[in-house]
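Just the heavy atoms: all of them, side chains too, but no hydrogens, waters or symmetry mates, feed the values below. The chains referred to below are lettered A, B, ... by the order of the sequence lines, with proteins before strands, and numbering in each begins at 1.
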Amino acid sequence: MLTTENTVKWLILFAGKVNEQKVYLSELDSAIGDGDHGTNMARGTKDMEEKLKEEEYATVQDVFKKASMSLLSKIGGASGPLYGSALMAMAKQAGKDEKDIAAILKAGLEGIQKRGKAVPGEKTMVDVWVPVIEALECGNLTKETIQEAVNQTKDMKATKGRASYLGERSIGHLDPGAVSSGYFFEAMLERGILND
Amino acid sequence: MTKKEYGIVIVSHIEELAEGVVRLLKEAARDVSITCAGGTDEGEVGTSFEKISSAISENSADKLLAFYDLGSAKMNLEMAMEITEKQVHLMDTALVESAYTAAALIQADAPFEEIIDQLKPLKIK
């Protein structure tokens, strides 16, 4: 179950992971995109971390909303509107029911798809969100499930996003957005959100 | 100067690119309100939801045609469109050529339908 405390901790851990791996994320993006995913995500999540630490929150909805605005305005790349839309939709759903984490993540996925129009199999972050939510609903979400979901983007051909300009040449590389989404869910597991 | 009913918004990942397109359009459209949003808030490569929102609100027209370069600019544009009261038409057309065409036609008082018609073959996204 989500509380304001564990949600803030989850998002701050996500920011930490992104900042630790920012060079790696940009390297992945250099191969099939414009090479700025790490820097962009680091800038956005750092701002999010600072904002989250600034004040106390009354509801989980407020936490997600605050985080959403940071990511939307500070990331700069395509991931800004995508993560921004995800967290905005999660905020909305958390306002209805803070307990149902699967429903909250589902709303986040819908937010991403509404914004980016991607469906599974197009080598995007959607390819991580979909299997993670499925596993969560079946009660068997583990770090391995997340890793597997991230790794399967390697063999996909990009048909959405910047990598789609490369067509066949995008095959053989991990999708950077899938990798950063992987950190998002790993942080959620590590913060014990599902056990609280 | 007679104010035209339609204005133009240019969104690019690069500040100079956005400004350059505006400069080019002004050649053909002196009386059309043209605003732009290029780069991130930090002036880096990317697009900014806030800059785009300002370009929309600062444009003196209430009906706008918005042109962009790459996909992520479109997503930020769509978010900005959701919060504005203005009527914004998002154009999935070749940025330079179609924005120039639209600017020239607005300047010449062409009706909206005719502008849209002329832009159709330039749809590439």
Side-chain angles (χ1 to χ4, degrees), chain A residues 22 26 29-30 32-44 46-47 65 68-89 92 111-118 122-126 158-166 170 175-177 180, chain B residues 9-19 35-58 64 66-84 86 88-97 122-125:
Chain A
K22 82 173 176 193
S26 283
D29 196 26
S30 298
I32 54 171
D34 51 3
D36 61 6
H37 190 60
T39 345
N40 285 344
M41 289 298 295
R43 184 173 52 230
K46 209 171 235 172
D47 183 75
K65 212 184 231 169
S68 159
M69 289 319 290
S70 275
L71 298 181
L72 170 62
S73 58
K74 293 290 168 203
I75 291 179
S79 306
L82 290 171
Y83 278 106
S85 299
L87 274 97
M88 188 57 81
K92 220 169 173 185
I112 291 170
Q113 292 189 291
K114 184 183 160 230
R115 188 63 54 208
K117 314 279 187 301
E122 294 187 310
K123 200 182 183 89
T124 70
M125 56 172 73
V126 168
T159 48
K160 268 274 158 22
R162 193 69 67 87
S164 65
Y165 295 110
L166 292 174
S170 63
D175 176 66
S180 63
Chain B
V9 173
I10 303 292
V11 181
S12 167
H13 278 61
I14 310 276
E15 199 171 351
E16 293 87 343
L17 187 54
E19 285 166 359
T35 49
C36 70
T40 65
D41 293 342
E42 288 81 15
E44 286 167 41
V45 178
T47 55
S48 147
F49 163 74
E50 278 160 37
K51 276 191 173 181
I52 296 171
S53 294
S54 309
I56 290 174
S57 60
E58 281 161 18
L64 303 168
F67 301 88
Y68 65 93
D69 55 3
L70 300 171
S72 52
K74 180 180 184 173
M75 287 192 278
N76 269 323
L77 244 172
E78 284 174 337
M79 294 200 83
M81 283 163 63
E82 282 166 22
I83 60 152
T84 179
K86 293 190 179 184
V88 185
H89 301 270
L90 180 63
M91 308 305 301
D92 296 315
T93 47
L95 173 63
V96 178
E97 292 83 349
L122 296 170
K123 184 170 168 19
I124 52 160
K125 298 179 261 209

(message) Counting only non-hydrogen atoms closer than 4.5 Å, does B:Glu50 touch chain A with its backbone (N, CA, C, O), its side chain (CB onward), both, or neither?
(response) side chain
(message) I'd like to know if B:Asp92 pairs up with B:Lys74 as an ion pair, taking the criterion as any Lys NZ or Arg NE/NH1/NH2 lying under 4.0 Å from an Asp or Glu carboxylate oxygen.
(response) yes
(message) Could you check whether atom NZ of A:Lys46 has more than 12 heavy atoms from other residues, nucleotides or ligands sitting under 6.0 Å from it?
(response) no
(message) So that I can tick it off, tell me whether B:Glu82 and A:Arg115 are bridged by a salt bridge, with the cut-off set at under 4.0 angstrom between side-chain N and carboxylate O.
(response) yes
(request) Identify which part of B:Ser72 has an atom lying under 4.5 Å from any heavy atom of chain A, answering side chain, backbone, both or neither. (result) both
(request) Under 4.5 Å heavy-atom distance to chain A, tell me which part of B:Thr47 shows up: side chain, backbone, both or neither. (result) both
(request) Measure distances from B:Asn76 to the heavy atoms of chain A and classify the residue's part below 4.5 Å as side chain, backbone, both or neither. (result) both
(message) Is A:Lys117 close to chain B through its backbone or its side chain, or both, or neither, when contacts mean heavy atoms under 4.5 Å?
(response) side chain
(request) Please report the closest heavy-atom contact between B:Met75 and A:Ala78, naming both atoms and the distance. (result) CE-CB, 3.6 Å
(message) Does atom NZ (A:Lys22) have a neighbourhood of more than 12 heavy atoms from anything else shown, all under 6.0 Å?
(response) no
